[in-house]
Amino acid sequence: MKDGQFITMGIESSCDETAIAIVADGRKVLSNIISSQIAVHKVFGGVVPEIASRHHLHNINGVYQQALDEAGITIDDVDLIGVTCGPGLVGALLIGLAHAKAVAFATGKPLVGVHHIQGHISANYVQSPELEPPFMALVVSGGHTHIVDVKGYNSFEVLGRTRDDAVGEAFDKVARVLGLGYPGGPLIDKLAKEGNPEAIEFPRVYLEKDSLDFSFSGIKTGVLNYINGQRQKGIEINNADVAASFQQAVMDVIVTKTVRAAKQRHQKRIVVAGGVGANSKLRDMLGKACEKEGIKMYVPAPILCTDNGVMIACAAYYKYQAGMESDFTLDAFPNLALDA
Ligand code: KG4
Ligand code: ZN
């Protein structure tokens with residue numbers, strides 16, 4: 001405890017960010033340290049799992065100390081340790097887990113394993129202090145595309161998911177083909193602002209009538225075919241038009257399905273979570289669609305959209321409040337279902 005506040009440490013290492021945060025009473029950020037490995041993986045055009053693990057190991061002690069220092073506390077003030085236990089890269093997850101378990105064991109503090117997606121959704125509680133479940137959540141990240149009926153802080157029903165690529169993955173792949181760099185999402189977002197979203201008609205895949213699932217491999221192939229076709233014909237490609245048209249096609253489907261899900265379940269609130277939640281087109285289109293339907297949209301600030309320790313601390317806090325605690329057998333789960 002510190003000044004009468006319940007202090008949670010959140011540890012996140014599921015992909016390429018070594019992140020630790022200190023959060024008071026579940027929602028107040030005291031520190032948020034994120035050591036990104038983007039520069040390291042950039043040369044490979046994507047995250048290399050083994051390299052990610054090594055960098056987590058190298059960075060985690062420094063990130064841990066900095067999180068405590070910036071919050072102006074010591075480990076003695078911490079009441080709870082939350083850590084991502086899955087899904088994610090197994091070697092990367094294990095570094096955060098080993099650190100969390102070691103600290104919990106040495107200090108006797110309680111430990112709570114957190115599902116990464118529950119973390120992303122929980123970032124919204126920090127961003128919007130008045131927000132409480134139930135609501136509809138759209139989770140869009142590099143590894144996931146989910147429409148989730150959030151019934152309570154710890155109660156989820158996944159209504160739709162991608163059957164192939166995650167939306168962030170599709171952004172990253174298209175950016176690679178266009179030679180934009182890594183990670184592709186923010187680069188496509190930026191370039192698209194200079195392009196015409198109606199220049200090229202890429203496929204919109206809605207799947208079966210009423211399905212809330214997604215498929216993005218078709219549009220990815222559509223973009224590749226378009227680029228190869230133009231190159232073969234010797235026609236110069238307008239990258240900005242490709243970026244804008246791709247982004248438009250993806251967001252048309254995402255926005256339509258998310259609003260449909262909210263209406264089906266009579267939800268008046270849609271919460272956006274995950275790295276692709278930073279996308280300006282998504283924010284704009286979903287915001288307008290929500291307004292038309294009398295639905296309120298919640299989106300975290302970009303710093304809380306991408307992977308961070310704050311979201312894990314917040315989720316851990318609500319799990320602990322509900323009496324959920326992990327023991328030292330807590331393991332890393334590369335494929336962990338949210339509603340298992
Ligand atoms: O949530 P996140 O940080 O990590 C995972 O849990 O996967 O999401 C990373 C993904 C990457 O694919 C990245 O390209 C994408 O989020 N992303 C964006 C934007 N910012 C990040 N995609 C589209 N537009 C953006 N502005
Ligand atoms: Zn994530």
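Remember, it's 1-based here, ligands and their atoms both numbered in the order they're listed.
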Residue His120, metal the Zn ion (ligand 2), N/O/S under 2.8 Å: yes

For His99 together with Tyr64, are the ring centres under 6.0 Å from each other? yes

So that I can tick it off, tell me whether Asp284 and Lys288 are bridged by a salt bridge, with the cut-off set at under 4.0 angstrom between side-chain N and carboxylate O. yes

May I ask you to say whether Arg265 pairs ionically with Glu157, meaning some side-chain N is under 4.0 Å from a carboxylate O? yes

Short N or O distance, Ser280 and ligand 1, threshold 3.5 Å exclusive: no

Between Gln118 and Asn154, do the side chains contain an N or O donor and an N or O acceptor separated by less than 3.5 Å? yes

Applying side-chain contact (heavy atoms from CB on, under 4.5 Å), run through Leu207 and Ser215 and close with a yes or a no. CA-CA 8 Å; Leu207 300 167; Ser215 169; 4.2 Å; yes

Is the closest N or O pair between Gly274 and ligand 1 shorter than 3.5 Å? no

Is there a side-chain contact between Ile11 and Thr84 (heavy atoms, below 4.5 Å)? no

Out of Pro186, Ser36, Ala192, Pro183, the nearest non-hydrogen contact to atom 19 (C) of ligand 1 is supplied by Pro186

Of the side chain and backbone of His144, name the one, both, or neither that has a heavy atom under 4.0 Å from an atom of ligand 1. neither

Can a side-chain donor-acceptor contact be found between Glu12 and Asn308 if the only test is distance below 3.5 angstrom? no

How is the N/O/S atom of Asp307 that comes nearest to the Zn ion (ligand 2) named? OD1

Provide the number and element of each atom of ligand 1 under 4.0 Å from a heavy atom of Gly168. 12 (O)

Is Arg27 salt-bridged to Glu132, going by a charged N under 4.0 Å from an acidic O? no

Just checking, is any N or O donor in the side chain of Gln65 or Asp69 under 3.5 Å from an acceptor N or O on the other one? yes

Backbone or side chain, does any N or O of Glu17 fall under 3.5 Å from an N or O of ligand 1? no

Atoms of ligand 1 close to His120 [distance to a heavy atom under 4.0 angstrom, numbered from 1]: 1 (O), 6 (O)

Tell me the protein heavy atom at minimum distance from atom 3 (O) of ligand 1, and give that distance in Å. Asp307 N, 3.3 Å

Is Val276 touching ligand 1 with its side chain, its backbone, both, or neither, if touching means heavy atoms under 4.0 Å apart? both

Under 3.5 Å between any N/O of Gly142 and any N/O of ligand 1: does that happen in this structure? yes

Is there a nitrogen or oxygen of Thr306 sitting under 3.5 Å from a nitrogen or oxygen of ligand 1? no

Please verify whether a non-hydrogen atom of Gly143 lies at under 4.0 Å from ligand 1. yes

For His116 and ligand 1, answer yes if some heavy atom of the residue is under 4.0 Å from a ligand atom, otherwise no. yes

Lys220 NZ/CZ over Phe216 ring centroid, <6.0 Å and within 45° of normal: no

Hey, what's the ring geometry for His144 with His116, parallel, tilted or perpendicular (30° and 60° as the breaks)? tilted

Does only the side chain of Asp189 get under 4.0 Å from ligand 1, or the backbone, or both, or neither? Count heavy atoms. side chain

Please report which non-hydrogen protein atom sits nearest to atom 18 (C) of ligand 1, along with the residue it belongs to and the distance in Å to one decimal place. Gly185 CA, 3.5 Å

Return a yes/no value for Gly275: is any of its N or O atoms, backbone included, closer than 3.5 angstrom to an N or O of ligand 1? yes

Nearest non-hydrogen protein atom to atom 14 (O) of ligand 1, with distance, is Asp172 OD1, 2.7 Å

Any N/O pair Asn279/ligand 1 closer than 3.5 Å: yes

2.8 Å cut-off met by an N, O or S atom of His116 to the Zn ion (ligand 2): yes

Please check: side-chain N/O of Ser13 versus main-chain N/O of Ala92, any donor-acceptor pairing under 3.5 Å? yes

